Asker: 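Quick one: the structure is below, and I'll ask about it shortly.
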Amino acid sequence: MRPVGQGAPRAGGELARAVIEIAAARGLRIAVAESLTGGLLADAFVSVPGSSRVFSGGVVAYDTALKHSVLGVDAELLREKGPVDGEVARQMASGVRRVCAVPREEGADPVPADIGIATTGVAGPEPDPQTGQAVGTVWVGVCLGERARSLEYSLSGERGDIRNGSVAAALELILNELARSAELESE
């Protein structure tokens, strides 16, 4: 579990701008699946001028049932683990790529987004009612092409702090994944 909030993190706008610039330079499209952030991650992207070059859209799947019916998260996994889980975050990130598929050129068939980012967790003020997980438990999933992974974070503060910290964590994770994929491509 990675704690977040140590030191002064860059503002979400700066991180989103950096992601957009890298994605635009590489011709990549981004989609987001959000639970606890409730649209804040999408807002971080669309607040950056020129984001339409790379941002396809997002899904706010706040209710657990939507994680399955819209994003394709395995129903058995949701029953066994609940919505706040690393595999759930990975499947959300993967599923939103498909849900937010768009044509790359006029008249072409829709193509899944290149990057899917997902947030799921417990913003509080109470522990998760389904699993009892502690306030501040957050999973961020990222799917870049066929490679998907997730990281767990332990955030502190009020509900708004946890939600904003989750956005910053998601943006930092995708920046790291973009750098990692660039390294892999250059080898």
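The structure displayed is predicted, hence computed values, not measured ones. What you see below is based on every heavy atom in this structure, not just the backbone, and it leaves out hydrogens, waters and symmetry mates. Numbers for residues simply follow the sequence, beginning at 1.
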Asker: Search all heavy atoms of Thr37 against all heavy atoms of Ser166 and return the closest pair with its distance.
Answerer: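 Distance-wise, the nearest heavy atoms are CG2-CB, 3.6 Å.
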Asker: Checking Arg149 against Leu173 for the side-chain contact (heavy atoms from CB on, under 4.5 Å) test, could you report, in this order, the C-alpha distance in whole Å, the side-chain angles of both residues, the deciding distance, and whether it holds?
Answerer: CA-CA 10 Å; Arg149 73 186 204 113; Leu173 179 58; 3.5 Å; yes
Asker: Decide whether Ile30 and Leu175 are clustered together by the hydrophobic rule: side chain heavy atoms of Ile, Leu, Val, Met, Phe, Trp, Tyr closer than 4.5 Å, transitively.
Answerer: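 Yes: a chain of side-chain contacts under 4.5 Å links Ile30 to Leu175.
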Asker: For residues Tyr62 and Val84: do they belong to one hydrophobic cluster (side chain heavy atoms under 4.5 Å, members Ile, Leu, Val, Met, Phe, Trp, Tyr)?
Answerer: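 Hydrophobic grouping puts Tyr62 apart from Val84.
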Asker: Can you confirm whether Phe45 sits close enough to Val19 that some side-chain heavy atom of one is under 4.5 Å from a side-chain heavy atom of the other?
Answerer: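 They are in contact (side-chain heavy atoms under 4.5 Å apart), so the answer is yes.
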Asker: Can you sort out the partners of Glu21 under side-chain contact (heavy atoms from CB on, under 4.5 Å), two or more places apart, ordered by chain and number?
Answerer: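 Scan of Glu21 (side-chain contact (heavy atoms from CB on, under 4.5 Å), adjacent residues dropped) gives Arg17.
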Asker: List the atom of Ser35, the atom of Ala61, and the distance in Å for their closest heavy-atom pair.
Answerer: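 Smallest interatomic distance, heavy atoms only, reads OG-O, 3.6 Å.
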Asker: Would you indicate whether Glu146, at its atom CD, is surrounded by more than 12 heavy atoms from other residues, nucleotides or ligands within a distance under 6.0 Å?
Answerer: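 Result for CD/Glu146: open.
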Asker: Report the residues that fulfil salt bridge (charged side-chain N to carboxylate O under 4.0 Å, His left out) with Arg53, sequence neighbours left out, ordered by chain and then residue number.
Answerer: none
Asker: Would you confirm whether Glu34, through its side chain, and Gly58, through its main-chain N or O, come within 3.5 Å as a donor-acceptor pair?
Answerer: no
Asker: What is the distance from atom CH2 of Trp139 to atom CG of Leu36, rounded to the nearest 0.5 Å?
Answerer: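 Rounded to the nearest 0.5 Å, the CH2-CG separation comes to 14.0 Å.
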Asker: Using every non-hydrogen atom in the two residues, find where Gly13 and Val48 come nearest and quote the distance to one decimal.
Answerer: O-CG2, 4.1 Å
Asker: Once you round to the nearest 0.5 Å, how far does CZ of Arg159 lie from CD of Glu126?
Answerer: 11.0 Å
Asker: Return the set of residues passing side-chain contact (heavy atoms from CB on, under 4.5 Å) with Ala75 (not counting sequence neighbours), or none when no residue passes.
Answerer: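 Result, side-chain contact (heavy atoms from CB on, under 4.5 Å) vs Ala75: His68, Arg79.
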Asker: How about Asn176 and Val142: do any of their side-chain heavy atoms sit closer than 4.5 Å?
Answerer: no
Asker: Could you tell me which non-hydrogen atom of Asp161 sits nearest to which non-hydrogen atom of Ser156, and how far apart they are?
Answerer: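 Closest approach of Asp161 to Ser156, heavy atoms only: CB-O, 4.0 Å.
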Asker: Examine Val32 and Val60 and state if one hydrophobic cluster contains both, with Ile, Leu, Val, Met, Phe, Trp and Tyr joined whenever side-chain heavy atoms are less than 4.5 Å apart.
Answerer: no
Asker: Counting distance only, does the side-chain N/O of Asn164 pair as donor-acceptor with the main-chain N or O of Gly160 below 3.5 Å?
Answerer: yes
Asker: With a sphere of 6.0 Å drawn around CD of Glu158, does it hold more than 12 non-hydrogen atoms of other residues, nucleotides or ligands?
Answerer: no
Asker: Using side-chain contact (heavy atoms from CB on, under 4.5 Å), reason through Leu41 and Leu171 one step at a time and then give a plain yes or no.
Answerer: CA-CA 8 Å; Leu41 182 54; Leu171 292 168; 3.9 Å; yes
Asker: Output the rest of the hydrophobic cluster of Val70: all Ile, Leu, Val, Met, Phe, Trp and Tyr residues reachable through side-chain heavy-atom contacts under 4.5 Å, sorted by chain and number.
Answerer: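 Val70 shares its hydrophobic cluster with Val59, Leu66, Leu71, Val73, Leu77, Leu78, Val88, Met92, Val96, Val99.
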Asker: To the closest 0.5 Å, what do you measure between CD1 (Ile174) and CD1 (Ile20)?
Answerer: 12.0 Å
Asker: Judged by modelled atom types alone, do Ser181 and Arg26 share a side-chain donor-acceptor pair under 3.5 Å?
Answerer: yes
Asker: Would you name the heavy atoms of Pro127 and Gly132 that are closest together and state the gap between them?
Answerer: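 Heavy atoms only, the tightest pair is CB-O, 3.8 Å.
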Asker: Rounded to the nearest 0.5 Å, how far does CG of Asp85 lie from OG1 of Thr120?
Answerer: 8.5 Å
Asker: Show which side-chain atoms of residues 103-117 pair as donor or acceptor with protein atoms under 3.5 Å away, not counting sequence neighbours.
Answerer:
unit_1	atom_1	unit_2	atom_2	d
Arg104	NH1	Asp114	OD2	3.3
Arg104	NH2	Pro112	O	3.1
Arg104	NH2	Asp114	OD2	3.1
Asp114	OD2	Arg29	N	2.7

Asker: Ala93 and Ala118: which non-hydrogen atoms are nearest, and at how many Å?
Answerer: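 So the two residues come closest at N-CB, 3.6 Å.
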Asker: Not counting sequence neighbours, list each pair that qualifies as a side-chain hydrogen bond (donor to acceptor under 3.5 Å, both in side chains) and has a residue in residues 88-99.
Answerer: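 Passing the test, one end in residues 88-99: Glu87-Arg90, Glu87-Gln91, Arg90-Ser150.
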